> 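My questions all concern the structure below.
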2 protein chains.
Amino acid sequence: MPRSTPPCPMQALLDLLTGPWTTYILWVLGTAGETRFGALRRAVPGISARLLTVRLRVLEQHGVIARRVESTTPPQVSYALTRRGEELSGILDSLNDVARRWYPPTPAANQRAAHDASVP
Amino acid sequence: MPRSTPPCPMQALLDLLTGPWTTYILWVLGTAGETRFGALRRAVPGISARLLTVRLRVLEQHGVIARRVESTTPPQVSYALTRRGEELSGILDSLNDVARRWYPPTPAANQRAAHDASVP
DNA sequence: GGAAGTAGGTATCTCAAAGTAACCACACGC
DNA sequence: GCGTGTGGTTACTTTGAGATACCTACTTCC
C-alpha cells in the first residue's frame with residue numbers, strides 16, 4: 001500500500017482494513033462464526049489462496065482474528081474473531097449502514113441482493 | 001488500490017477512505033473547519049500538492065467535502081466538510097478511539113505528541 | 001526585476017502490492 | 001497408482017498508485 005504512511009495510530013488501523021477483501025473476510029467471520037480456511041475461501045469468491053493467507057496473517061498479527069489448528073490429518077485450520085475483532089466489527093457495521101445509505105444497492109447488483117439483504 | 005473490488009457499497013466507502021492521508025485530511029477539516037488549499041497542505045506535512053488535489057477531488061465527488069472558490073486574484077479555494085463528511089467524521093472518531101487503545105502512542109513518536117494530544 | 005505564494009495540471013518513473021501458477025506432504029477413495 | 005481435498009508456500013510477472021519534477025498565469029512583496 002502506501003509507500004510513506006504517517007505515524008498515526010489511526011493510519012495503522014486503516015492500513016489493516018484497507019486491502020481488498022479484508023472487511024469482507026471480517027464480515028464473514030462475524031456472521032458465520034469460526035470458519036475454516038477452505039470455507040472462507042469459498043465464501044470470498046475471487047480471492048486467491050495466497051492473498052487470503054496474507055490477509056489472515058496480518059489480521060492475526062493485529063489480534064483481530066485467532067487461528068486455531070487441529071492436528072488431524074489433514075490438519076484443519078479455523079479462524080474466528082477475537083474480542084478485538086468483534087469490537088471492530090461493530091464499528092464496521094455502522095460504517096456499512098452509512099455506505100448503504102450513500103450508495104444504494106443498484107438494480108444491476110441483483111446477484112448480490114441476497115448478500116446485501118443478509119447484512120444486518 | 002485493489003485491481004478487482006467486490007461490488008459492495010461498503011467497499012466503495014472504504015476505497016474512498018483508504019488512500020494515505022485521506023482520513024488525516026478529513027480530521028483536519030473536521031477540527032479546523034473550512035480550510036484553504038495551501039493551509040491544508042501545510043497542515044498535512046509530507047503530502048504532495050498533486051496527491052492532495054487528487055484526494056480532494058475524490059472526496060468532493062463523493063459529497064464528503066465541499067469546494068468553494070472565491071473569484072479574487074489569485075482565486076482562493078476553500079474546502080469544508082459537508083453533512084456527509086461530518087457523519088463520516090463521527091464514525092472515524094470512534095475508529096480513532098479504538099486505534100489509540102490498540103496502538104498506544106509510542107514514546108518514539110514524541111514529535112507527534114502534540115498532534116496526538118490534540119486529537120479529541 | 002526577481003522571488004514567492006496562489007491552486008493546481010502534466011509527464012514520467014519506480015516500486016511494492018496483487019495476480020498467476022506451480023508445488024508440497026499427507027490421507028482417503030476408487 | 002491416480003485423482004481429490006487439505007492448508008498453505010514459493011517463485012515469477014504485472015500493474016497501477018504514489019513520488020518527483022516541472023509547467024501555468026496572476027499578484028504582491030522586497
Side-chain angles (χ1 to χ4, degrees), chain A residues 1-8 11-12 14-25 28-29 32 34-62 65-80, chain B residues 1-8 11-12 14-25 28-29 32 34-62 65-80:
Chain A
M1 234 132 295
R3 202 130 36 194
S4 68
T5 306
C8 182
Q11 196 66 44
L14 278 167
D15 286 349
L16 171 65
L17 299 176
T18 269
W21 313 111
T22 310
T23 58
Y24 203 101
I25 294 168
V28 170
L29 290 178
E34 188 171 45
T35 307
R36 290 181 46 190
F37 185 90
L40 210 47
R41 192 179 168 183
R42 266 168 268 126
V44 184
I47 196 172
S48 67
R50 182 186 158 283
L51 191 49
L52 180 55
T53 302
V54 172
R55 288 284 176 270
L56 291 172
R57 289 285 178 280
V58 173
L59 289 172
E60 191 195 356
Q61 279 170 15
H62 284 249
I65 64 175
R67 177 184 142 109
R68 191 168 61 86
V69 182
E70 287 175 82
S71 303
T72 59
T73 49
Q76 299 184 346
V77 184
S78 302
Y79 297 89
Chain B
M1 232 131 296
R3 202 131 35 195
S4 66
T5 306
C8 181
Q11 197 65 45
L14 277 168
D15 287 348
L16 172 64
L17 299 176
T18 270
W21 312 113
T22 310
T23 59
Y24 202 103
I25 294 169
V28 169
L29 289 179
E34 188 169 46
T35 307
R36 290 182 45 191
F37 184 88
L40 209 48
R41 192 178 167 182
R42 265 168 269 124
V44 185
I47 196 172
S48 68
R50 182 188 156 283
L51 190 50
L52 180 55
T53 302
V54 172
R55 287 284 176 270
L56 292 172
R57 289 285 177 281
V58 173
L59 289 172
E60 192 196 355
Q61 280 170 14
H62 283 249
I65 64 174
R67 179 184 141 107
R68 190 169 61 85
V69 183
E70 288 175 81
S71 303
T72 58
T73 51
Q76 298 183 345
V77 184
S78 301
Y79 296 88

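These values consider heavy atoms only, across backbone and side chains, with no hydrogens, waters or symmetry-generated copies. Naming: A, B, ... by sequence-line order, numbering from 1 per chain. This structure is a prediction, so every number in the text was calculated from the model and none was measured.
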> Tell me, do A/Ile25 and A/Tyr79 make a side-chain contact under 4.5 Å, heavy atoms counted?
no
> Let me know the distance between CD1 of A/Ile25 and P of C/dA18, rounded to the nearest Å.
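So the CD1-P distance, A/Ile25 to C/dA18, works out to 11 Å.
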> Under 3.5 Å, side chain of B/Arg67 to main-chain N/O of B/Arg57, donor-acceptor pair present?
no
> Give the rounded distance in Å between these two atoms: CG of A/Leu56 and P of D/dT6.
15 Å
> Testing A/Leu29, A/Thr35, A/Val58 one by one against A/Ile65 for a side chain to side chain contact (heavy atoms under 4.5 Å, CB included), which residue passes?
A/Leu29
> How many whole angstroms separate atom CG of B/Leu51 from atom P of C/dA11?
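Answer to the nearest Å: 19 Å.
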> Where do N or O atoms of nucleotides 3-7 of chain C meet protein N or O atoms at under 3.5 Å, pair by pair?
unit_1	atom_1	unit_2	atom_2	d
C/dT6	OP1	B/Arg42	NH2	2.7
C/dT6	O3'	B/Arg36	NH2	3.0
C/dA7	OP1	B/Arg36	NE	3.3
C/dA7	OP1	B/Arg36	NH2	3.2
C/dA7	OP1	B/Val77	N	3.4
C/dA7	OP2	B/Gly38	N	3.0

> What distance do B/Arg50 atom CZ and B/Arg55 atom CZ have between them, rounded to the nearest 0.5 Å?
9.0 Å
> Rounded to the nearest Å, what distance is computed from the CG atom of residue B/Leu52 to the P atom of nucleotide D/dA17?
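Taking CG of B/Leu52 and P of D/dA17, I get 18 Å after rounding.
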> If I take atom CG in residue A/Asp15 and atom C1' in nucleotide D/dG18, what distance separates them, rounded to the nearest angstrom?
14 Å
> Counting any heavy atom closer than 4.0 Å, what does B/Ser48 reach on the DNA or RNA strands: base, sugar-phosphate only, or nothing?
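Base: the residue B/Ser48, judged by heavy atoms under 4.0 Å, touches a nucleobase.
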> Given atom CZ of B/Arg50 and atom P of C/dC13, what is their separation to the nearest angstrom?
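Taking atom P of C/dC13 as the reference, CZ of B/Arg50 is at 15 Å.
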> Quick check: do A/Leu59 and A/Leu16 have side-chain heavy atoms less than 4.5 Å from each other?
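The answer is yes, as the side chains (C-beta and beyond) meet within the 4.5 Å cut-off.
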> When the distance from CD1 of A/Ile47 to P of C/dA17 is rounded to whole Å, what number comes out?
16 Å
